[in-house]
Each structure stands twice: as structure tokens, then as C-alpha cells.
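Order of the sequence lines sets the chain letters (A, B, ...), proteins ahead of strands, with each chain counted from 1.
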2 protein chains.
Amino acid sequence: MSPPPSAEAFPANTPTAAQIFTTVLSEGPLTRLDLARRAGLSAAAVTKAVRPLIGAGYLVEDVDEDARPALGRPANLVRVDGGRALFIGIKVTGDEIIGVLTDLRCRIMVARHLPLADRDPGPVLASAAELVRELLTEADGLGVRVVGSGISVSGDVDRAEGVVRYSPFLGWRDVPLASLAAEATGLPVTVDNDVRALTVAEQWFGAGVGLSDFAVVTVGAGIGCGLVVHGKVVAGAHGVAGEIGHVTVDPAGPPCHCGNRGCVEAIAGDAALVRQVGAATGTHVTDVAQALALARQGVPGARAAYARAGEAIGRGIATVANLLGPERVIISGEGLAAYDLFAEQIRDAFAAAAFGSAAQCDLRTRPLPFEEWARGAAATAIQSFIRSDAY
Amino acid sequence: MSPPPSAEAFPANTPTAAQIFTTVLSEGPLTRLDLARRAGLSAAAVTKAVRPLIGAGYLVEDVDEDARPALGRPANLVRVDGGRALFIGIKVTGDEIIGVLTDLRCRIMVARHLPLADRDPGPVLASAAELVRELLTEADGLGVRVVGSGISVSGDVDRAEGVVRYSPFLGWRDVPLASLAAEATGLPVTVDNDVRALTVAEQWFGAGVGLSDFAVVTVGAGIGCGLVVHGKVVAGAHGVAGEIGHVTVDPAGPPCHCGNRGCVEAIAGDAALVRQVGAATGTHVTDVAQALALARQGVPGARAAYARAGEAIGRGIATVANLLGPERVIISGEGLAAYDLFAEQIRDAFAAAAFGSAAQCDLRTRPLPFEEWARGAAATAIQSFIRSDAY
DNA sequence: TTCTTTCATTGACAGCAGAAAATAAGGCGC
DNA sequence: GCGCCTTATTTTCTGCTGTCAATGAAAGAA
């Protein structure tokens with residue numbers, strides 16, 4: 001990332017200090033001894049690392065009155081003071097920009113969105129800057145400084161360089177978004193792929209906490225996948241990874257915009273469901289809401305389309321599980337609204353296609369409120385704030 | 001791993017020293033300055049780390065007379081003295097045991113095999129011990145000590161514990177192979193999954209050197225895959241990963257022994273090819289050699305079976321590339337003997353099914369002599385020798 | 001011979017983390 | 001209320017690793 005234009009320094013100079021802070025951030029209030037165990041350090045090291053962080057107000061100490069052990073000195077819990085700093089997360093979609101203001105613990109304080117008329121970098125940047133201004137005003141009201149921001153975009157994004165290499169959806173190529181946005185907003189900016197950002201949020205603040213290998217599958221307009229292997233988000237040598245949407249599940253299936261047939265996305269993406277429900281019922285279906293309504297009414301063709309979608313998703317997940325053996329797969333996305341319609345098929349297809357002990361993988365669903373994508377972007381900002389060098 | 005029964009200590013106590021040694025081992029003779037750059041250390045640190053390694057004879061210095069720069073002091077190259085220590089690698093298959101004696105640079109000195117009549121742990125262990133004894137005799141002839149051994153087995157293997165959790169092929173469950181073999185041979189033993197072991201060999205001594213993300217795909221009786229992500233071999237949370245063989249490429253395809261239809265292995269595995277060539281030509285085909293011969297003769301049905309196999313493999317590889325975005329995929333295995341028959345299909349199917357920049361992934365083939373599997377086991381032994389704690 | 005250039009080594013030094021010992025903070029039994 | 005027991009946390013000291021800046025080495029060039 002380009003050097004932050006203005007930033008409060010975070011007093012964690014060493015990797016160890018950052019690791020300790022991250023552990024407290026993710027694994028909630030902990031005693032110093034617990035913390036030492038989880039971080040694989042001595043208690044002395046923890047004391048030393050924690051002191052400056054408490055001094056700067058990022059960590060606070062308190063006593064857990066409830067769970068006091070019968071014996072020995074009571075432990076002092078260390079936890080992150082969420083209110084110490086604020087972050088802004090921005091998600092750019094095809095037709096709107098979603099922005100959230102979060103605290104240091106990535107809890108959403110304010111969420112806003114702005115419709116987007118023009119997808120060119122200039123207008124998008126202007127709208128994003130406006131949204132940031134609004135959120136900064138909100139932050140002023142809270143009396144806490146905003147110390148970083150994140151922007152997430154679908155497509156091939158080079159986080160280290162802060163450049164959007166190629167975003168088919170927005171029609172962008174090689175846009176140096178981080179530096180442009182930093183200039184426009186005066187904040188440090190982290191840019192990342194949207195699914196990866198969401199994965200970071202799960203890894204640090206969600207269902208991926210404490211796991212070194214897991215996957216996030218998003219179901220919606222597209223079918224996406226974020227992967228964490230060996231404790232790190234997979235970015236791919238060429239900037240693209242987790243393309244579960246274009247895993248073929250049926251070579252005889254419907255054509256996909258990628259040029260192949262029977263991709264998961266061509267069966268279970270929003271557009272595919274709209275098309276298939278329309279075709280099956282003979283109705284003119286215009287959007288997913290309508291397709292979903294038809295299926296909920298029990299119209300056979302519509303239900304079948306959803307069942308097929310569930311099967312495709314389940315197979316896609318099984319493919320991930322067979323290849324990587326993750327501990328957990330978190331299923332999320334707007335498409336989860338239809339979860340009751342295809343949950344069974346997802347699980348069945350997964351169970352059937354998962355090989356051997358890959359089937360032990362824990363499948364878990366997680367609702368995805370619309371601000372969640374933006375929260376992912378905020379999570380990347382928090383990550384950058386903690387370890388300025390990081391990725 | 002269990003503590004080595006008898007081992008010459010390797011004088012690399014710190015992770016840094018191990019990293020430096022590994023870099024020299026993989027990236028050939030290097031000057032100290034080069035080494036410092038690659039390891040991200042100062043030149044001083046390299047000097048200090050290298051000294052004891054030279055003292056112990058694991059590294060040697062020599063001058064590169066050819067490529068001397070026009071200016072400045074000529075550089076002294078540092079390289080690993082392969083002859084300093086020997087290792088034994090053993091691969092257990094269903095009907096034979098293959099053993100190799102390698103030097104520290106994993107170059108094969110001697111290769112042997114022994115037919116296997118009984119697959120139970122006891123007889124297998126006895127045969128393996130006999131093979132080790134033979135190889136130790138050979139080593140005596142060379143006057144160099146054997147300091148470690150590795151055994152690779154297909155299936156779910158827990159390397160850290162040295163236990164074969166489940167090997168369907170051998171019919172083993174929870175066999176503590178490392179400790180048993182250590183007792184039987186008197187050598188430190190590392191046990192790992194066969195494909196992962198092969199992947200380690202590629203990572204340290206083959207086409208994966210210097211890459212942090214790549215895959216090895218083996219084509220043969222089964223279709224396997226070893227993955228390296230973030231510079232480390234993927235083992236999977238439940239011990240199983242890289243099951244490309246059971247990725248579905250055609251839900252309407254032939255049934256697979258795993259219970260599904262159209263797995264890569266059910267189309268491109270040896271058994272599948274034998275069956276399909278037999279069915280297509282109406283001939284009674286008994287083994288792959290015969291199937292291959294028919295296809296080479298240009299018998300249409302046989303050629304088509306190989307073409308289909310190529311397509312399935314190509315799709316499987318594309319799936320890996322779409323999900324992980326590796327820099328390179330190394331295709332290997334005994335099945336490569338038929339490479340001329342399906343190379344085109346592999347590449348075409350890969351190119352068609354790879355999404356976006358995943359198609360930039362470098363597909364590379366590598367012949368696999370029969371001792372190569374055993375060499376993989378030796379590579380794991382070398383790895384364990386260098387960092388005793390390691391994975 | 002002396003310079004210049006590049007590679008390598010040295011020795012002083014700073015910083016981090018671990019070990020052990022000391023200290024803190026409760027409850028408990030008397 | 002006092003001393004004891006247990007567990008948590010801090011302090012102090014020590015070792016080690018790696019960096020820095022200066023120095024030495026080994027060429028070819030002037």
C-alpha cells in the first residue's frame with residue numbers, strides 16, 4: 001500500500017505485538033496467561049507487549065466478576081477497546097456504493113448507501129468520497145477519530161499495490177484506487193477484492209476465528225469463494241482465486257457467461273435462477289424476488305430450479321472440501337434468503353460428493369446483511385492499521 | 001514425529017539457519033550476498049549462519065571460475081555437499097515396496113524393489129526393514145552414514161504423529177508406522193502421504209523450487225494432487241486434501257468406486273481406461289499397457305477413451321487453478337506414458353475451463369520414473385533432518 | 001602501484017523473548 | 001485478623017539473533 005497520508009501510529013512495532021493484539025481482538029477478552037498460551041509465548045512477553053497497548057488505550061483491562069475461579073489470584077481480562085478508533089468500509093457494486101462506519105472491533109456503528117449512476121472510476125470515486133465525508137461527519141458526532149478505510153471491489157485486485165487490475169463488473173482496468181481514494185478522502189486506504197475482504201472479516205471477527213483452514217462461499221448474483229489456508233487468505237499467484245462460481249458441475253448444463261457450460265454460477269447464480277424459473281413456469285420472471293416467490297408458492301418448476309441450484313452449490317463446496325480439506329465452510333450471501341429452498345440439496349450433494357474424511361467438514365450458514373460486504377472492507381482496513389506492513 | 005532413535009545432530013538450531021540451508025539446498029550454489037537477499041537477511045547474518053554448517057561439512061565453498069564478474073572481488077559460492085549424508089526413501093504400494101538411497105541433495109544413488117505378497121502391517125514392515133538393510137549395506141560401501149528415512153503410503157497419514165490413519169489400498173487403520181519402522185530399522189523415520197511426499201520433492205528439488213503456490217497432479221492408477229499454498233504443503237484439517245481424483249467432471253459419467261459418477265478418476269484412472277478401451281473396442285483388455293497399445297495403433301474407440309481421459313484431467317486441473325490460482329501445475333505420474341495421446345485434450349480442456357487469469361497458470365509435465373515416489377519419501381526425511389521440529 | 005569495485009567478515013550493540021524469582025490478590029482455616 | 005495456599009502477573013536478569021557500520025580481501029583498471 002502507498003504510505004498512509006495521515007495516520008495515528010499503532011504502538012505494535014513487532015510482529016509479536018501485532019499477533020498478541022490480533023489474538024485479543026479475535027478471541028475476545030482473555031487473561032494474559034491464556035493469551036500467552038494461544039500465542040505460544042511466555043507470560044512475561046505478554047505483559048511487556050500489552051503494556052504499551054494499554055497505555056495507548058487500544059487495550060483495556062477488566063475483571064470478570066462472574067467466572068472467578070475458586071482458588072488463586074483472580075485473573076485480569078484484557079480486551080480491545082472498540083471505541084478507541086473508527087474505520088470506514090466501502091463496497092462498490094454495480095449500482096450502488098455501501099459504506100459503513102465501524103469501531104476497532106469491526107462492529108457497525110452507521111451504515112449508508114448511495115445509488116450509483118455511472119460506473120467509471122471518476123464518478124465512483126466522487127460518490128465514494130461523498131459517502132466517506134458523510135461517515136466522517138457521523139464519526140465527529142461520536143468524538144472518535146477515523147484512522148483508516150477499506151474499499152472492496154469485485155474482480156482482480158492487487159491489495160499490496162492498491163490497484164484494481166481488472167473488474168469486469170465495473171469495466172475497470174488498472175485503476176490505482178488506493179492512491180486515488182487516499183487523495184480524495186485524506187484517509188489511509190486499503191483496497192481488496194470483495195470476497196477476500198469478507199473472508200478477512202470472518203477470519204478475524206466471524207465464524208473463522210481460530211481456524212487455520214476454512215472457506216467462505218457466497219451465494220447471490222455470482223457464486224464466490226474466499227479461502228483461508230495455513231491461516232492466510234489465498235490470493236492466487238495471478239490475483240484470482242476462489243472462483244468456485246466457474247467450477248463445472250455439469251458439462252451438459254446451461255451455458256455460462258464465461259463461455260463454458262454448467263458452471264455453478266450458471267445454475268445457481270441469480271440470473272440463472274431467474275431464467276430457469278421463468279422457463280420452467282412459463283411466466284415472465286424479472287428478478288430473483290419473483291423467482292423466489294414462485295418457488296415459495298410451491299410452483300413445481302420453480303422449486304426444481306432451486307433444488308438444482310442447491311445441488312450445484314453442494315457439489316461446488318464438495319470440490320473445495322476435496323481439494324483443500326478445510327475445517328469449516330461458511331455459506332453466506334444474499335442468496336441465502338432462499339436457504340430453506342435448497343438447504344437440503346446443498347447438504348445432500350455435499351455429503352455425496354465429499355470424499356472420505358472431507359465430509360467431516362463443518363458446513364455452516366451465516367446470514368449476510370447488506371452492509372456485511374462493506375464491513376469486510378472495514379476489516380481489511382483494521383488489518384492494515386494493525387500491521388502496517390501487512391498482508 | 002517421535003524422537004529420532006539415533007541421529008547425528010544437524011547444526012542448524014535456529015529457524016533462520018534452517019531456512020538458509022534450505023535455500024542453498026533448493027536454489028543451488030549461491031553467493032552469500034545472493035543468499036542474504038533471498039532469505040531477506042543481512043549479509044552478516046548469512047556469514048554467521050553458514051560458518052557452522054561449513055564446519056560440519058554440510059556446506060562447502062567453491063569459486064565459480066566461469067561466471068566471474070568483470071569488476072570487484074570474485075564471489076565464493078556456497079553449496080550443499082550432497083555426499084555428507086545419505087537418506088533412505090521407501091514407497092509402499094499394493095504389490096511392491098520401492099526403496100531408494102539418496103544423498104543430501106536427494107539424488108538417487110541406488111534403487112531397489114521388493115515384491116509384496118501380504119499387505120498387512122507386519123509383513124510389510126518386515127519387507128521394508130529388509131529393503132532398508134540392503135540399502136544400508138550399499139551405504140556402507142559408500143562410506144557415508146544414513147541419517148534418516150522416510151516412508152510414504154497412500155491414504156490418510158498423520159505425519160506429525162507418524163501414524164497411518166487410514167489407507168484403503170493397504171487396508172490399514174491407525175498404524176503407528178513411524179515408531180514401528182524406527183524400531184525395526186534403527187533409523188529416524190518420517191511417514192507421510194505419498195502424493196504429499198512427491199510434492200515435497202518437487203518443492204525442494206524439482207519444478208516447484210522458488211514457487212510459493214503450485215500443484216502436482218499425478219496420473220496413474222489413481223489421479224492425485226499435492227498442493228503447495230503460501231509456501232507450505234496443504235495437509236487438510238482432516239488429513240485429506242488434494243483429492244482431485246474425486247472431483248466430479250461429469251455427473252452423467254461412469255460410476256466411480258467412491259460411489260459417485262464421473263469423477264476424474266472414474267474417467268482417467270488406469271482401471272477406467274482399461275474398462276473403456278475394452279468396451280469401446282470389444283476386445284478383452286487386461287491392463288493399461290494393452291489399452292495404451294490399442295490407442296497407439298489408432299483404434300478409434302481406444303483413442304476416444306484417452307481423449308476423454310485427457311479432457312477430464314484438464315478439467316480437474318482447471319478446477320484447481322480456478323480455486324487456488326497456482327503459479328504452476330506439474331503433471332506427472334506413470335500415466336504420463338500416454339501423454340502423447342491426451343496432451344492436447346488436457347491443454348484444451350484446461351484452457352476452456354480456466355477462468356480469467358487462472359489460465360495464465362503454467363502447465364508443465366514431468367516424467368516420473370518408478371523410483372520417484374520413493375525419492376519423495378526421501379525428501380520428507382531430508383526435510384525432517386533439517387528442521388527436526390518441522391512440518 | 002594505487003584505485004575502484006564488489007564480496008565477505010568483524011565486533012559493538014540493540015531488542016526481544018525466556019527463565020526464574022519476586023510480588024500481588026484472592027479464598028480458606030483457624 | 002493471621003498465616004497459608006493457589007494462581008496471576010510483574011520484575012530482573014540473561015542469552016541470543018540479527019543489524020549496523022567499519023574493515024578486510026580479491027580481483028581488474030588506470
Side-chain angles (χ1 to χ4, degrees), chain A residues 9-24 27-55 59-79 386-389, chain B residues 9-24 27-55 59-79 386-389:
Chain A
F10 182 70
N13 322 305
T14 71
T16 312
Q19 186 207 359
I20 286 181
F21 185 80
T22 307
T23 307
V24 181
E27 320 214 356
L30 286 172
T31 72
R32 288 176 174 76
L33 224 53
D34 237 12
L35 195 43
R37 274 190 288 271
R38 301 201 195 202
L41 294 166
S42 68
V46 171
T47 294
K48 281 179 256 187
V50 158
R51 204 192 321 273
L53 289 167
I54 288 185
L59 293 180
V60 289
E61 221 175 16
D62 59 13
V63 188
D64 186 357
E65 289 298 340
D66 303 327
R68 180 173 293 173
L71 225 51
R73 169 176 172 176
N76 295 315
L77 295 177
V78 176
R79 64 178 175 78
I386 292 172
R387 344 168 261 198
S388 312
D389 57 328
Chain B
F10 181 69
N13 321 305
T14 72
T16 312
Q19 185 206 359
I20 286 180
F21 185 80
T22 307
T23 307
V24 181
E27 321 212 355
L30 286 172
T31 71
R32 288 174 173 77
L33 227 52
D34 238 10
L35 194 43
R37 273 190 289 271
R38 300 201 195 202
L41 294 166
S42 68
V46 172
T47 294
K48 281 179 232 181
V50 158
R51 203 192 324 271
L53 289 166
I54 288 185
L59 292 179
V60 291
E61 219 174 17
D62 58 16
V63 188
D64 185 357
E65 289 297 341
D66 303 327
R68 179 172 296 172
L71 221 53
R73 171 178 172 175
N76 295 316
L77 295 177
V78 175
R79 64 179 175 76
I386 291 173
R387 346 168 258 198
S388 312
D389 57 328

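For the pair B/Asn76 CG and D/dA25 P, the computed distance is 14 Å after rounding to whole Å. When rounded to the nearest whole Å, the span between CG of B/Leu71 and C1' of C/dC3 equals 11 Å. As a whole-Å value, the separation of B/Leu59 CG from C/dA8 P is 14 Å. Between the P atom of C/dC7 and the CD atom of B/Glu61 lies a distance of 14 Å, rounded to the nearest Å. The interatomic distance linking A/Leu77 (CG) with D/dT7 (C1') rounds to 14 Å, in whole Å.
The nucleotide whose nearest atom lies closest to any side-chain atom of A/Ala44 is, among C/dG26, D/dT19, D/dT11, D/dT11. Side-chain atoms of A/Leu41 lie closest to C/dG18 of the nucleotides C/dG18, D/dG18, D/dT11. Of the candidates C/dG26, D/dA27, C/dT5, C/dG26 carries the atom nearest the A/Pro74 side chain, counting heavy atoms from C-beta on.
Contact of A/Lys48 with D/dT9 (side chain to base): no donor-acceptor pair of N or O atoms is detected under 3.5 Å. For D/dA8, the base has a donor-acceptor partner in the side chain of A/Arg73 [N/O atoms by modelled type, under 3.5 angstrom].
Each end of the helix from C/dT1-D/dA30 to C/dC30-D/dG1 yields a helix axis from five base pairs, and these two axes differ in direction by 20° (to the nearest 10 degrees).
Of the residues near DNA chain C, B/Arg51 and B/Leu33, the one whose nearest nucleotide (by heavy atom distance) lies more toward the 5' end is B/Leu33.
Between A/Arg79 and A/Glu27 there is no salt bridge, since none of the side-chain N atoms of the basic residue sits less than 4.0 Å from a carboxylate O of the acidic one.
Residues of residues 11-23 of chain B that place a heavy atom closer than 4.0 Å to DNA chain D, in numerical order, are B/Thr14, B/Thr16.
In this structure the side chain of A/Gln19 never reaches within 4.5 angstrom of the side chain of A/Arg38, judged on heavy atoms. Residues A/Leu59 and A/Ile54 have side chains in contact (heavy-atom distance under 4.5 Å, counting atoms from C-beta outward). Residues B/Thr23 and B/Leu30 form a side-chain contact, since some pair of their non-hydrogen atoms from C-beta on lies under 4.5 Å apart. The side-chain heavy atoms of B/Leu53 and B/Phe10, taken from C-beta on, include a pair separated by under 4.5 Å. Looking at heavy atoms from C-beta onward, B/Val46 lies in side-chain contact with B/Ile20 at the 4.5 angstrom threshold.
Between B/Thr22 atom OG1 and B/Ile386 atom CD1 the span is 4.5 Å, to the nearest 0.5 Å.
Among all heavy-atom pairs drawn from A/Ala17 and A/Ala49, the shortest one is CA-CB, 4.5 Å.
With sequence neighbours excluded, the residues that form a salt bridge (charged side-chain N to carboxylate O under 4.0 Å, His left out) with B/Arg37 are B/Asp34.
OP1 and OP2 of C/dA24 both lie 4.0 Å or more from every side-chain N or O belonging to A/Arg32.
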